[in-house]
Amino acid sequence: MIKSIIKFNLIIFLIFSLNACGFKPMYKLSENSIDFRSYSVAIINEDKISREIKEEFEKSFPANDLGNSYVIEVNVTEHLDPLIINTDGTISKYRIEIIINFKVNNKDGKTSLMEDRVRGFAQYSVETSEIESEDKKKRMIRTATNSAIQMMISRIQSDTSTTNDN
């Protein structure tokens with residue numbers, strides 16, 4: 001009985017103390033945030049990139065039927081570099097680098113709002129099974145792509161908020 005009263009009082013104390021501390025969530029959508037549903041993505045070199053990269057873009061920028069105001073033209077480059085080479089010449093660790101060159105245009109395509117480059121990295125160790133290694137490679141491609149996409153979104157938001165402030 002006493003433990004439950006102590007727990008209850010502790011919870012009430014935490015609620016009141018955190019409520020008045022001035023805490024604001026960093027990633028909360030606010031009135032100044034950008035609605036990425038008004039953006040569509042056009043991958044320029046779609047035939048040269050892996051399916052995992054395409055799927056990560058589709059997850060981050062889902063297709064919608066709303067009128068898109070902006071088009072993000074994306075050129076993706078994928079590099080697979082060996083990090084650790086064994087004495088017998090086999091590779092035991094790879095680094096995946098995803099480079100995204102992007103340009104944000106108005107829907108008409110005539111006005112370019114910004115142009116930039118972002119990178120995403122991931123590493124993976126080669127497994128004894130070729131199937132496991134290939135699965136790990138695909139997961140790391142997704143991780144590196146997601147990292148680069150998040151950086152791209154952050155840069156677009158930063159540039160847009162800077163433009164709105166001026």
Side-chain angles (χ1 to χ4, degrees), residues 18 21-85 91-127 130-166:
L18 289 177
C21 73
F23 171 77
K24 290 183 182 179
M26 285 177 55
Y27 299 109
K28 178 184 175 208
L29 293 175
S30 66
E31 64 277 354
N32 295 333
S33 67
I34 300 167
D35 183 15
F36 276 97
R37 290 178 295 189
S38 63
Y39 287 76
S40 65
V41 173
I43 302 173
I44 295 171
N45 59 340
E46 192 168 356
D47 56 333
K48 295 180 182 177
I49 60 174
S50 65
R51 181 174 53 93
E52 289 77 25
I53 295 173
K54 293 176 195 174
E55 288 175 357
E56 286 300 313
F57 271 103
E58 289 170 4
K59 279 197 293 188
S60 297
F61 297 95
N64 59 17
D65 295 332
L66 303 173
N68 294 331
S69 303
Y70 305 102
V71 177
I72 304 172
E73 291 180 359
V74 175
N75 187 358
V76 182
T77 308
E78 177 182 348
H79 294 287
L80 184 66
D81 299 319
L83 282 181
I84 299 175
I85 301 173
I91 300 169
S92 63
K93 193 169 196 174
Y94 283 100
R95 178 180 77 171
I96 296 173
E97 178 183 21
I98 303 293
I99 302 170
I100 301 176
N101 295 309
F102 66 96
K103 185 191 297 187
V104 181
N105 297 325
N106 279 337
K107 185 178 184 178
D108 59 8
K110 296 177 184 173
T111 309
S112 177
L113 302 176
M114 75 171 292
E115 191 171 344
D116 206 347
R117 172 187 285 188
V118 292
R119 297 171 189 254
F121 297 97
Q123 298 177 5
Y124 73 97
S125 299
V126 177
E127 301 293 326
E130 194 173 321
I131 295 171
E132 288 178 22
S133 290
E134 193 62 29
D135 278 349
K136 195 178 267 191
K137 176 184 174 184
K138 289 177 182 179
R139 283 195 315 267
M140 292 302 111
I141 288 174
R142 288 182 187 277
T143 300
T145 304
N146 191 20
S147 173
I149 289 172
Q150 294 306 314
M151 183 66 72
M152 180 180 76
I153 290 171
S154 175
R155 293 221 179 133
I156 292 171
Q157 285 178 330
S158 174
D159 186 69
T160 304
S161 66
T162 304
T163 305
N164 290 341
D165 289 344
N166 292 335

**Student:** Tell me whether Ser92 contacts the main-chain N or O of Val126 through its side chain, where contact means a donor paired with an acceptor under 3.5 Å.
**Tutor:**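 Not confirmed, Ser92 side chain does not pair with Val126 backbone.
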**Student:** Closer than 3.5 angstrom, by distance alone: can the side chain of Ser154 be matched with the main-chain N or O of Gln150 as a donor-acceptor pair?
**Tutor:**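 Flag not set: sc Ser154 to bb Gln150 has no pair under 3.5 Å.
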**Student:** Examine distances only and state if a side-chain atom of Ser60 and a backbone atom of Glu56 form a donor-acceptor pair shorter than 3.5 Å.
**Tutor:**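 Here the side-chain-to-backbone pair exists.
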**Student:** Nearest 0.5 Å please: distance from the NZ atom of Lys93 over to the CD1 atom of Ile85.
**Tutor:**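 Reported value, rounded in 0.5 Å steps: 13.5 Å.
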**Student:** Minimum heavy-atom separation for Ala122 to Met140, with atom names?
**Tutor:**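 Smallest interatomic distance, heavy atoms only, reads CB-O, 3.4 Å.
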**Student:** From Ile99 CD1 over to Glu78 CD, what is the distance, rounded to the nearest 0.5 angstrom?
**Tutor:**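 Reported to 0.5 Å precision, the distance equals 10.5 Å.
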**Student:** Decide yes or no for Ile156 and Tyr70: does some side-chain heavy atom of the first lie under 4.5 Å from some side-chain heavy atom of the second?
**Tutor:**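 They are not in contact (no side-chain heavy atoms under 4.5 Å apart), so the answer is no.
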**Student:** What are the two closest heavy atoms between Tyr124 and Ser133, and how far apart are they?
**Tutor:**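 The pair with the smallest heavy-atom distance is CE1-O, 4.0 Å.
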**Student:** Taking side chain as C-beta onward, heavy atoms only, is Phe57 less than 4.5 Å from Ile100?
**Tutor:**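 Sidechains of Ile100 and Phe57: in contact.
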**Student:** Would you name the heavy atoms of Val76 and Ile49 that are closest together and state the gap between them?
**Tutor:**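 Taking every non-hydrogen atom into account, O-CG2, 3.7 Å.
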**Student:** Which atoms form the tightest heavy-atom contact between Arg119 and Ala148, and what is the distance?
**Tutor:**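 Shortest heavy-atom separation between Arg119 and Ala148 comes out as C-CB, 3.9 Å.
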**Student:** Between Ile131 and Glu134, is any pair of side-chain heavy atoms under 4.5 Å apart?
**Tutor:**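 When only atoms from C-beta onward are counted, Glu134 and Ile131 do not touch, as no gap falls below 4.5 Å.
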**Student:** Taking the side chain as everything from C-beta on, heavy atoms only, tell me whether Asn45 gets closer than 4.5 Å to Ile43.
**Tutor:**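 Yes, side chains in contact.
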**Student:** Report yes if the side chains of Lys137 and Ile96 come closer than 4.5 Å at any heavy-atom pair, otherwise no.
**Tutor:**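 They are in side-chain contact.
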**Student:** Can you check whether Glu52's main-chain N or O pairs, donor with acceptor, with Lys138's side chain at less than 3.5 Å?
**Tutor:**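 A pair under 3.5 Å: no.
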**Student:** Is it true that a side-chain atom of Arg155 and a backbone atom of Arg117 form a donor plus acceptor pair closer than 3.5 Å?
**Tutor:**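 Yes, Arg155 side chain to Arg117 backbone: donor-acceptor pair under 3.5 Å.
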**Student:** Could you grab the distance from atom CD of Glu115 to atom CG of Asn105, nearest 0.5 Å is fine?
**Tutor:**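 Between atom CD of Glu115 and atom CG of Asn105 there are 8.5 Å.
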**Student:** Could you measure the distance from the OG atom of Ser125 to the CD1 atom of Ile84? Nearest 0.5 Å is fine.
**Tutor:**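 One finds 6.5 Å between OG of Ser125 and CD1 of Ile84.
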**Student:** Does any non-hydrogen side-chain atom of Lys59 lie less than 4.5 Å from one of Ile149?
**Tutor:**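 Not touching, per the 4.5 Å side-chain cut-off.
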**Student:** Distance from Asn75 atom CG to Lys48 atom NZ, nearest 0.5 Å?
**Tutor:**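 Separation between the atoms: 8.5 Å.
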**Student:** Please round to the nearest 0.5 Å and tell me the distance separating atom CZ of Arg51 and atom CD1 of Ile141.
**Tutor:**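 Output value for this atom pair is 10.5 Å.
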